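Written out below as structure tokens is the structure these notes cover.
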Amino acid sequence: MGMMASVSSMEFWCILNLRATLITLLLILFFHLSKKLYSKFFPPSSVLHLPSPSSSTSLPESQSRIPEIVSDSDLKFLIDNLDEKLDEDEKWETVIDKKTNSLSYKAKCCRPKNKPLKYLSTTVFEGCSPELLRDFNMDNNYRKQWDKTVIDHVQLQMNTTNGIEIGCTIKKFPLLTPREYVLAWRLWEGKDRTFYCFIKECEHPSAPRRKKYVRVGYFRSGWQIRKVPGRDASEIRMFHQEDAGLNVEMAKLAFAKGIWSYVCKMDNALRKYAGISHPPTSPSVSPSTLIQKVPPELDMINGDALPAVSASMATFEPVNDKPREKRLSRKPSKKFVAKSLLVIGGVICLSRGHSGLGAKVAMAYILTKLRKRGDRSSQSMQT
């Protein structure tokens, strides 16, 4: 009788645990389905209550004037960074170097002390003019069509006198709250069909802070576009530095794993852009009407600091490769393994079926942490 009672008790608890597990799985499934249904009937763009581009550009001149948020000193800052000027304790590290028949891409990063990561990239597009590449990069409405990280973008204000524009962009990140960028930018033209654009964070009365988004508080980015000498190709050199509240190592791995796919999508979008008619925002507004002239002293600095790209395209020096096969001197803790599995599961679940990149980033992050643990353990054993 006692044995029968214990068996019945065990069966009872097994059934209870099975029901609890099924209920939990059903709740998770219901949660994900409700999110999909909500996003289907209430797309993100419908919750971005900001002025439309037409209303922002139709303001009277007295109201639409923008202070010189982006100035020539910002252009000087951009040129200095494109010239790879670093502090003594900083150094560049190669991240990626790939190419196809129509595309070449190189990127490296630097970690300044107490500041966000710096990225410097060089992309060469074959069969492309500097003007086409300039218009493509300045067309934020077209970017919403091919850049799937952009949830929405709204033009807030522009000034035809000094060429400064302000806009608000919402971008999505795996596992994280969407980031909100309120940015100001300005376009310059230098000698020999060379173009510059610098972008930085700002505040605007039409874009108050909202709890459902994380406002990016530090953003410095810019590019230089010019023709590759002796070839039917154009080059864009880009400097980028932002603090989006991401883990530094995780952000670096995500960039390394996903940037090449992103650049290839950009190349495809650029080829399509060449054959599509793109009317300006208004009859009197276009990149050519808003563009400013590079001050002569900065154009002189740029001519001396940045030599022309050769037809053979010199490559960055590779980083010394270290053996990847390292035995861990001790097993990882249960807590770390549990967190790692949670990260992988979360990335796969929240990526809405597109788990390839998310899983790769999570696994790369975990393996990096394990390798660092092994290195510390081996050093302590040697000591």
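As the structure is a prediction and not an experimental result, all values here were calculated from the model.
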Evaluation steps, ring pair (Phe, Tyr, Trp, His ring centres under 6.0 Å), between F255 and W260
CA-CA 9 Å; F255 177 86; W260 176 242; over 10 Å; no

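- Looking at D135 and Y273, their side chains come closer than 4.5 Å, going by heavy atoms from C-beta outward.
- Remark: E93 engages K252 in a salt bridge, criterion side-chain N to carboxylate O under 4.0 Å.
- No side-chain donor-acceptor contact under 3.5 Å links D152 and T169.
- Ion pair E201/R220 flagged as a salt bridge, since at least one NZ, NE, NH1 or NH2 atom sits closer than 4.0 Å to an Asp/Glu carboxylate oxygen.
- The shortest non-hydrogen separation linking S121 to Y105 is CB-OH, 3.6 Å.
- For the atom pair OG (S71) and CZ (F77), the distance works out to 11.5 Å, reported to the nearest 0.5 Å.
- For the pair E131 and R193, the salt-bridge criterion is met [side-chain N within less than 4.0 Å of a carboxylate O].
- Considering OG of S102 and CG of N268, their distance stands at 8.0 Å, rounded to 0.5 Å.
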Kindly determine whether E249 and R111 satisfy salt bridge (charged side-chain N to carboxylate O under 4.0 Å, His left out), including the steps that lead there.
CA-CA 11 Å; E249 293 296 334; R111 182 181 295 182; 2.7 Å; yes

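- A donor-acceptor pair under 3.5 Å links the side-chain atoms of R179 to the main chain of A244, judged by distance alone.
- Checked by atom type and distance alone, the side chain of R186 pairs as donor or acceptor with a backbone atom of N162 at under 3.5 Å.
- For the atom pair OG (S234) and CZ (R226), the distance works out to 11.0 Å, reported to the nearest 0.5 Å.
- Placement of V150 and I199 in two distinct hydrophobic clusters is found when ILVMFWY residues are connected by side-chain heavy-atom separations under 4.5 Å, directly or transitively.
- Under 4.0 Å is where a charged nitrogen must lie from a carboxylate oxygen, and between R215 and E180 at least one such pair does.
- Ion pairing between R143 and D139 fails under the 4.0 Å rule for side-chain N and carboxylate O.
- Side-chain N or O atoms of Y181 include none that pairs as donor or acceptor with a backbone N or O of K200 at under 3.5 Å.
- Judged by distance alone, the side chain of K172 and the main-chain N or O of L176 form no donor-acceptor pair under 3.5 Å.
- Using a 3.5 Å distance cut-off with no hydrogens or angles, the side chains of E189 and Y196 do not pair a donor with an acceptor.
- Taking the six-membered ring for Trp, F239 and F198 have ring centres at least 6.0 Å apart.
- Heavy atoms only, all atoms of each residue included: L78 and C197 are closest at CD2-O, 3.6 Å.
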Test K113 against E90 for salt bridge (charged side-chain N to carboxylate O under 4.0 Å, His left out), laying out the working first.
CA-CA 8 Å; K113 189 176 181 180; E90 298 175 352; over 6 Å; no

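- Closest heavy-atom contact between C110 and P112: O-CD, 3.2 Å.
- Follow the hydrophobic side-chain contacts under 4.5 Å out from L117 and you never reach V214; the two are in separate clusters.
- The CD1 atom of I151 lies 10.5 Å from the NZ atom of K171; values are rounded to the nearest 0.5 Å.
- Judged purely by atom type and a 3.5 angstrom limit, N137 uses its side chain to pair as donor or acceptor with the backbone of L133.
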Set out, in order, the CA-CA distance, both residues' side-chain angles and the distance that settles side chain to side chain contact (heavy atoms under 4.5 Å, CB included) for Q224 and E235, then state yes or no.
CA-CA 8 Å; Q224 175 206 61; E235 171 204 69; 4.2 Å; yes

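- Listed here is the closest heavy atom pair of D74 and I69: OD2-O, 3.4 Å.
- No close placement of the W92 and Y119 rings is indicated, their centers lying 6.0 Å or farther apart.
- Here the side chains of S104 and T123 are not in contact, with every heavy-atom distance at 4.5 Å or above.
- Defined by atom type and a distance below 3.5 Å, a donor-acceptor pair is present between the side-chain atoms of Y262 and D147.
- A donor and an acceptor atom, one from each side chain of E165 and Q157, are nowhere located under 3.5 Å apart.
- Of all heavy-atom pairs spanning P295 and L75, the tightest one is CD-CD2, 4.0 Å.
- Under the 3.5 Å distance criterion, the side-chain polar atoms of D267 are left unmatched by any main-chain donor or acceptor of V263.
- Evaluated for a side chain to side chain contact (heavy atoms under 4.5 Å, CB included) with P130, the options V228, I236, D192, I225 yield exactly one hit, I225.
- Legend: residues meeting side chain to side chain contact (heavy atoms under 4.5 Å, CB included) with D243, ordered by chain and number and at least two apart, are P116, Y218.
- The ring of W185 has its center no closer than 6.0 angstrom to the ring center of F219.
- Contact detail for D299 and V294: the closest heavy-atom pair is N-CG1, 3.7 Å.
- Salt bridge status for K118 with E84: absent, with no side-chain N to carboxylate O gap under 4.0 Å.
- Formation of a donor-acceptor pair under 3.5 Å by the T194 side chain with backbone atoms of K191 is found in this model.
- Figure legend: cation-pi geometry between R134 and F195, with NZ or CZ positioned under 6.0 Å from the six-membered ring centre and within 45° of its axis.
- In terms of the side-chain hydrogen bond (donor to acceptor under 3.5 Å, both in side chains) criterion, residue partners of D72 (sequence neighbours excluded) are, by chain and number, W188.
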